[in-house]
Amino acid sequence: MGTLKTGRHWRATVALLLPAVIGAAGCAAEDRPEPGEAVYGLPLAEQFQAATDATRGAGTAAFVSTLVYGAAGGDAVHQARGSQDYGRGTSLVTLGLTAGRHFPADDLELLRESAPEGKQSVATAGDDVYVRSGDSAWLRYTPDAVNELGETTGVVAAHAAGDTAPYSGTLADLVPRVIPREKPARREDGSRVYRVTVLPEVAAELLPRDLQSLQHDWGTKPVQLTVRLDAEGRLAAATADLGPVLARLHEQRLLREVKQLRASYELSAFGRPVKGKGPEAGGRPVEDAGKVLAAIGTLDDGRCATTAGTGLGTTTVVRPVDCADRHELRVLAQVKVDRALPGKQDIANGDSYARVECERALAAAPDDWQRGGSYAQGFGLVGSSRVGSSFSMGGDGAQTTVTGDYTCYLRAS
């Protein structure tokens, strides 16, 4: 009987407490903020920065970033697809350049200079960027290596983790730098769509570094940017029409057959475990780019090298190798250009004068380099020059000066 009595007493207690518990739960529900309140509850001008914080607060996310060059013969697409861990400041990404069969050949050649053919893996960890092609080792670009190897490595260094995301060089970098002025449109799922503008020189940061360097005045016409935040206030997607940027490239006679230039960025899988294994997993060796790569201008005559696996798509920075091993090029000569021409001359650069020096070096090269069948006919050259002018009161009058340093090289056949 005692046991049964105790049981009835317990049930009665539960019955008495239950309304109070339900009432407390009701109060908690009323106090709980609506999804996205930490972003949408702020003044409009502060919402993009808050959205960036909310995105980082998710911990992880998958993303796809594209840059689409539209031409009459089809599109060429730079794509980055991967995942980001905001807490650790790391990312793991697959990069690639694809193009339609009839995409303009000259424009495609220019795009390939900043994106090696085929796909490559890129990982970021703080200030370090890792590159890997196929089954090769990871090649680590540290800030010291980037400084030593020069600005050509900017195409890789541009992806180092930043304040906005662990993988930089996307539209995500632009969003917190824009202040929305008009109230966004709200969708049924609770997301918001903002239509804003961004300065053309800021939008041009989305271009590969070598294209950025070819134009220094991006004009004043604003770039249209569309930003979508999800119901939680996190960045979900962004698109930009880079027409004003493309117009300035056309003025430099670049990408002349490309008629449209569009950028997009999309995030998904917030908070889910990151897929794939980066260099920290230890599955593949890691090499220091500063130790295994070199600027081609520092190599001795006759030295052999390859560009494979550098992630740079250029001959400016190469991996020196033994000439008995497989290689892509052999240094013919390091030459200098130093000309003073009378009057004011319309000269763009010193390339033509460098070719003359390279032809002399080719004529003097060992016979087995030229006739052994190991190298293609002719030569390549890479380098830079400066064109200036001066005026002398001593009778010589105006002069145009052309100076520069170049590397002449043979291509493996």
Side-chain angles (χ1 to χ4, degrees), residues 97 105-118 120 131 133-134 136-137 139 145 148-156 208 210 213-214 287 289-339 347-386 402-413:
L97 170 65
D106 290 344
D107 290 342
L108 182 57
E109 187 65 27
L110 178 61
L111 296 180
R112 282 174 173 162
E113 291 180 6
S114 58
E117 293 188 56
Q120 63 180 3
V131 177
S133 299
S136 66
L139 188 60
E148 180 181 345
L149 296 172
E151 62 184 31
T152 299
T153 58
V155 67
V156 169
D210 57 343
S213 67
L214 297 175
E287 298 178 317
K291 295 179 180 178
V292 301
L293 303 184
I296 193 172
T298 65
L299 301 186
D300 294 334
D301 297 358
R303 193 71 194 275
C304 296
T306 178
T307 62
T310 65
L312 303 175
T314 178
T315 55
T316 304
V317 173
V318 297
R319 181 191 291 262
V321 296
D322 193 293
C323 291
D325 297 331
R326 185 173 182 177
H327 56 277
E328 297 171 37
L329 57 88
R330 186 167 197 162
V331 174
L332 185 59
Q334 304 288 355
V335 300
K336 287 186 175 293
V337 171
D338 189 0
R339 299 290 183 99
I347 298 174
N349 53 54
D351 290 6
S352 61
Y353 300 109
R355 288 192 182 91
V356 172
E357 299 300 324
C358 289
E359 288 170 356
R360 292 173 179 167
L362 179 62
D367 289 344
D368 61 331
W369 290 12
Q370 301 183 60
R371 301 182 181 86
S374 298
Y375 302 99
Q377 292 291 322
F379 58 84
L381 79 160
V382 60
S384 62
S385 60
R386 177 177 298 179
V402 186
T403 58
D405 296 282
Y406 290 82
T407 302
C408 317
Y409 61 88
L410 300 173
R411 303 180 183 89
S413 58

Grab the two heavy atoms, one from A295 and one from L149, that are nearest each other, plus how far apart they are.
N-CD2, 4.2 Å

Does a sphere of radius 6.0 Å around CG in D300 hold more than 12 heavy atoms from other residues, nucleotides or ligands, not counting ones at 6.0 Å or beyond?
no

Donor-acceptor pair, distance only, cut-off 3.5 Å: does the side chain of Q120 make one with the backbone of G309?
no

Between V317 and L312, which heavy-atom pair has the shortest distance, and what is it?
CB-CD1, 3.6 Å

Taking CG in D106 as the centre, count heavy atoms belonging to other residues, nucleotides or ligands within less than 6.0 Å. Is the count above 12?
no

Any idea which heavy atoms bring E328 and T306 closest together, and the distance?
OE2-OG1, 2.7 Å

What heavy-atom pair brings D322 and H327 nearest, and what distance separates the two atoms?
O-ND1, 4.4 Å

Got a donor-acceptor contact below 3.5 angstrom from the Q334 side chain to the I296 backbone?
yes

Looking at every heavy atom in both G302 and R330, which two are closest together, and how far apart are they?
O-NE, 3.0 Å

L139 vs R319 side-chain heavy atoms within contact, under 4.5 Å:
yes

Distance check, rounded to the nearest 0.5 Å: L362 atom CG versus C408 atom SG?
9.0 Å

side-chain hydrogen bond (donor to acceptor under 3.5 Å, both in side chains) against S385, all qualifying residues, sequence neighbours excluded:
Y406

